[in-house]
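The first residue in the sequence is number 1, and the count goes up from there.
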Amino acid sequence: MNASYKRYASVLLDLGLKNSFSYGIEEKYLDQLEKGMCVKVPLRGVLQTGIVVEFSSKCPYKKVLPIHSIVSEKTLMTPELFKLAQWVSQYYHTPLARTLKLFFPKSVRKGMGHKKQQVVIRKKSLEELRQICMSVRLKKPKQAALIDELLKVEKEIFLTELTEKAGVSRSVVATLAKQELIELTTTRVDRNPLEKAEYFPSKPKKLNSDQQNAYNQISHSIENTIFQSFLLFGVTGSGKTEVYMQAMESALKQGKKALMLVPEIALTTQTVEKLKSRFKDKIAILHHRLSQGERYDQWHAIRQGLAPIVIGARSAIFAPIDKLGVIIVDEEHELSYKQTDDMPTYNARDVAVVRAKMNNATVVLGSATPSLESFNNVQNGKYKLLELKNRANSQVMPKIEVVDMKREMERSKGFTLFSQKLLSEIEKRFQKGEQSIIFLNRRGYHTSLLCTQCGEVEKCPNCDISLTFHRKNDCLACHLCDYRITPPKICSKCKSATIKFKGFGTENVESQLRKIFPSLRTLRMDADTTKHVGSYEKLYYAFRNHKADLLIGTQMVAKGLHFPSVTLVGILNCDRQFNIPDFKGSEIGFQMVTQVSGRAGRGDIKGSVVIQSFNPENSFLNHAISGDYLAFYNQEIESRKFFNYSPFSHLVKLVFRGKSEGQTLRIAQQFYNKLKMQLARAGEAQAPLPCGYPKIKEYYRFQVLLKGQNIYALIQALQKVEEQVHLPSTVKLLTDVDPSSTFF
């Protein structure tokens, strides 16, 4: 089309392409179209969705197609969010069009629309309908049944609900409508995931002196519209959530809004319950477990200002909230805030600080085990430290004991899953009617199937990792690609029948404990038992309501859960995390032990923790046992400094992925050779190495690690190399900025 237009729009398409495309704006859209609106435009004969990012009066191209239609009723992208998107795009080295996808759920980008349902309204008085019902009851029983249900309704009722209750078809409704006894109309229905939940109102609690000091400083920052980053460093059970809620209340009183991030869906249930009890109907939630329709309605409720409090997992940091007063990042150390499997590889905690700065808002990062990066930011003055040194309500920290499993195995003359100490403590709690938690960060029944003759381990052909045995489904499964087979009877390599299951997971732990304690009521919380929608909530409420005596779980049970009746925590095989060859391995191990231990004794009864270890002398384990974060920090920060890892330098991990091992390695090597020259004094590049998981879903994986003081210098060098080295379509490159692991 060669027609000229008064205005042109630059549109970033929902395809992840680097550049925007120019389209003409027809007369009918000139007054409607705004920057940030979602539109449909033609591209190679197919309509695509995109966001309008710029306007101009001229266009350098002769052939320009017009915008086909406007998807959104109003602008979806505020100037503040667009500025944030540009920062994320630049910092995490990702095309802006691809970055913008984070800011809108798919249902919003595609213009799903609000759900509408037909409603039935009475057109006659109750007395008139009773008379009509009596007159038709014998000759037209279906009409009578429908009128009977209408007589119970206060004002109106959904058509589907009415026909279901009356047990009649829609034709009966149509007949009564023709007789002008009823009227059918259409109404919008909000798909609210919290609609049917019941919560008991709560009032703000009296804060202790540490909590009051923290609240005073946070509220002062909110009230004066000052950008400030606080690290709320409080021991487990110290009442951080109460400080969060009162800070939110402070923001609401100022006419501002609050955003709270939690690391996983697992914590959303508990946190929403507390917030709904305090703030009633002022809350919206955003996370990936919502249906597309629920996400659409929740997103629009936030955009329209109907929900001044938003709670969600990491992607909620991009929620369309205006007048932001405070952003709270609970359990700020958690790795689940970091996106690792797709670009941009953002960390929601770091984006929260940037967004708060752009809005002159307050950001509160809370943790009992702060990340080294955040605590280092306190040391260099970027963040302000607020400490909660004691548990709320004067509860004492749990007593922690370590059992040396080497001695335990000598005593039992062979392998044993549980120490006598742990079994004795479980029995004591059971007899007293108290609850226990057993933590093991491995799911499944057995972790591998091994041939004792040739040493062959049954592996996934797609991922080259050992298969895990799941007894319930009687299968060997890969936890990376979900490949499954029936366990073989003979070795696949030497054909010997001398094959044995090795290792243990949460399914095995549950089975063994049921044999030892037949009367013990157990629940298991891991990726296998919580994969269906609503399953986590059922397990959470069942355990909280004391329908089980013992909860067995993976990392899901380690993060911030509050069960007042839990007085014992048992930790199995904690050594595995400390032995992972990764720069964050010791930090994650310390955090895991501290956080899991903190689940014990949060009520009126003092708690106990039993840790089973084959290396009880481990210094990081002992720092966790003594609760000495500063000792851990001082030891670990020296190691980071020596090896020049974060927070002393920025890291960028380049992950090359392809089905040809040789080709993928060659491309990685080419990038490395060029990067060495480009970086010069700006940083260093490490030679290509196989990733910790060298093969996933038939794709071989190699990584090149970049280090440097200036992240933008590293990104600039990478951009130049990308222009020089041709990346074939058969090899994919993922750029992980500030990676949470240099191993996996």
Non-neighbouring partners of Ser315 that pass side-chain hydrogen bond (donor to acceptor under 3.5 Å, both in side chains), sequence neighbours left out =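 Counting only residues at least two positions away or on another chain, Ser315 forms no side-chain hydrogen bond (donor to acceptor under 3.5 Å, both in side chains).
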Salt bridge (Lys or Arg N to Asp or Glu O under 4.0 Å): which pairs involve residues 628-639, sequence neighbours left out?
->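 Output for this query lists Glu636-Arg640.
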[X] and [Y] ion-paired at < 4.0 Å:
{"X": "Asp736", "Y": "Lys338", "value": "yes"}
{"X": "Glu334", "Y": "Arg314", "value": "no"}
{"X": "Glu410", "Y": "Arg407", "value": "no"}
{"X": "Glu507", "Y": "Arg471", "value": "no"}

Can you see which heavy atom on [X] is nearest to which on [Y], and at what distance?
{"X": "Ser419", "Y": "Met405", "result": "CB-SD, 4.2 Å"}
{"X": "Pro461", "Y": "Lys695", "result": "O-NZ, 3.1 Å"}
{"X": "Ala313", "Y": "Leu261", "result": "O-CD2, 3.6 Å"}
{"X": "Glu373", "Y": "Arg349", "result": "CB-NH2, 4.4 Å"}

Output a table of donor-acceptor pairs, distance under 3.5 Å, between side-chain atoms of residues 498-506 and any protein atom two or more places apart or on a different chain; print 'none' if there are none.
residue, atom, partner, partner atom, Å
Thr498, OG1, Ser496, OG, 2.6
Thr506, OG1, Asp526, OD2, 2.7

Would you say that [X] contacts [Y] through its side chain, given a criterion of any heavy-atom pair below 4.5 Å between the two side chains?
{"X": "Leu513", "Y": "Leu550", "value": "yes"}
{"X": "Phe517", "Y": "Thr522", "value": "no"}
{"X": "Thr554", "Y": "Met525", "value": "no"}
{"X": "Ile283", "Y": "Val310", "value": "no"}

Step-by-step side chain to side chain donor-acceptor pair (under 3.5 Å) determination, Ser367 to Glu331 = CA-CA 5 Å; Ser367 179; Glu331 309 293 354; 4.6 Å; no
Mind checking the NZ-OG spacing from Lys406 to Ser613? Nearest 0.5 Å is all I need.
->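 Lys406 atom NZ to Ser613 atom OG measures 7.0 Å (nearest 0.5 Å).
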Tell me, with the steps shown, if Ser371 and Ser374 meet side chain to side chain donor-acceptor pair (under 3.5 Å).
-> CA-CA 5 Å; Ser371 63; Ser374 291; 3.1 Å; yes
Between [X] and [Y] (judged by ring centroids, cut-off 6.0 Å), do the two rings come close enough to count as a pair?
{"X": "Phe375", "Y": "Tyr383", "result": "no"}
{"X": "Phe583", "Y": "Phe743", "result": "no"}
{"X": "Phe620", "Y": "Phe590", "result": "no"}

